[in-house]
There are 2 protein chains.
Amino acid sequence: MAIRLTRNQERILQALQGLEQAISAQDLHSSLRQTGSRIGLATVYRALEALKLDGTVQVRTLSNGESLYSLAHEDRHHLTCLRCGDSLPIEECPVHDLESHLNDSHHFRIFYHTLEFFGLCAKCQIVSG
Amino acid sequence: MAIRLTRNQERILQALQGLEQAISAQDLHSSLRQTGSRIGLATVYRALEALKLDGTVQVRTLSNGESLYSLAHEDRHHLTCLRCGDSLPIEECPVHDLESHLNDSHHFRIFYHTLEFFGLCAKCQIVSG
DNA sequence: CTGGATGCAAACGCTTTGCAAATAG
DNA sequence: CTATTTGCAAAGCGTTTGCATCCAG
């Protein structure tokens, strides 16, 4: 998958491996700076873009335009509240069969997928009545 | 679903009904202006936000932060190329059963879902070899 | 009259880009 | 020594917000 990694790309990959959750580029940047690295924000974005293109890293874009990055193939999907924006992770995922089917029928090389349900969480159903 | 609609919200809903595809707020705005409306861009955003919150309109956010709007419950999912960004619509959708299940188990009132596969399209598999 | 809706322009936040310095091979 | 990578700062871009005006009821 990965051809050649720069030192910073390796550093970023390593950081992602130590995480349970997807992280934004900016949070990843400050996190790296706090461990003493002098890495720039642009480099973080460029590295994530490269890792994304070779399928190592996967991205989920929030409705505010912010993107969350994590290692690819970690299957975690969400229930997202349209009002408060909270995302509840869910375990179910019924789409793997479809994935291999699409690989063939569309000549598309699929790295990963995202699945997200939108609506109102229990709390916001009351507020927005 | 809808409580009360302002004149502009109705106008926007009408515009969406005439469309085959999801549209960005900005494109929707210029489209409305071209038909002689004096509507402002902010109003388009505010109307779409309101329609989103009552479940009439659904949103898909692209990786560049731009959001595409369409009437809710139109089931259209995508194969999206990580390199060129092209989105190929697909018909398959294996998640409806799960949807009602989640409604109950998480006390979440689900309006719609998005499902998207990411990878490389046939063309970009060659280029990026 | 009064509260909400609207248009405009400015502000915002995340991301991308230009560029010169640093680094790798 | 040349090509690539890097950090910084500035620019870009879609979206949101402040505010004065307009409009419906």
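Protein chains get the first letters and strands the later ones, always in sequence-line order, with residue 1 at the start of each.
Crowding of A:Arg7 atom CZ: a count of heavy atoms from other residues, nucleotides or ligands under 6.0 Å not exceeding 12.
Shown here for A:Cys84 and A:Cys81, the closest heavy-atom pair between the two residues is N-SG, 3.5 Å.
As rounded to whole Å, 16 Å separates atom P of D:dC22 from atom CG of B:Asn8. Whole-Å rounding puts the B:Leu5 CG to D:dA24 C1' distance at 15 Å. The CG-C1' distance, from B:Asn64 to D:dT15, rounds to 12 Å in whole Å. For the pair B:Gln26 CD and D:dG14 P, the computed distance is 5 Å after rounding to whole Å.
The closest side-chain donor-acceptor pair between B:Thr80 and B:Glu116 falls under 3.5 angstrom. Under 3.5 Å, the side chains of A:His77 and A:His113 contain a donor-acceptor pair of N or O atoms. Residues B:Asp54 and B:Thr56 have side chains that bring a donor and an acceptor to within less than 3.5 angstrom of each other.
Closest-nucleotide positions on DNA chain D for B:Leu68 and B:Arg46 were compared, and the one nearer the 5' end corresponds to B:Leu68. Toward the 5′ end of DNA chain D lies the nearest nucleotide of B:Tyr45, the other residue of the pair B:Tyr45 and B:Arg7 mapping further downstream.
Going from atom CG of B:Leu68 over to atom CD of B:Gln21 covers 9.5 Å, rounded to the nearest 0.5 Å.
Here B:Tyr112 and A:Phe118 bring their ring centres to under 6.0 angstrom of each other.
Contact check of residues 36-44 of chain A against DNA chain D (heavy atom, cut-off under 4.0 Å) returns A:Arg38, A:Ile39, A:Gly40, A:Ala42, A:Thr43.
When the side-chain nitrogen and oxygen atoms of B:Ser67 are compared with OP1 and OP2 of D:dG14, none of them lie within a distance under 4.0 Å.
On the nucleic acid side, DNA chain C contacts chain B at distances under 4.0 Å to non-hydrogen atoms, with the end points of that region at C:dA5 to C:dC8.
The side chain to side chain donor-acceptor pair (under 3.5 Å) test applied to A:Thr61 returns A:Ser67, not counting sequence neighbours.
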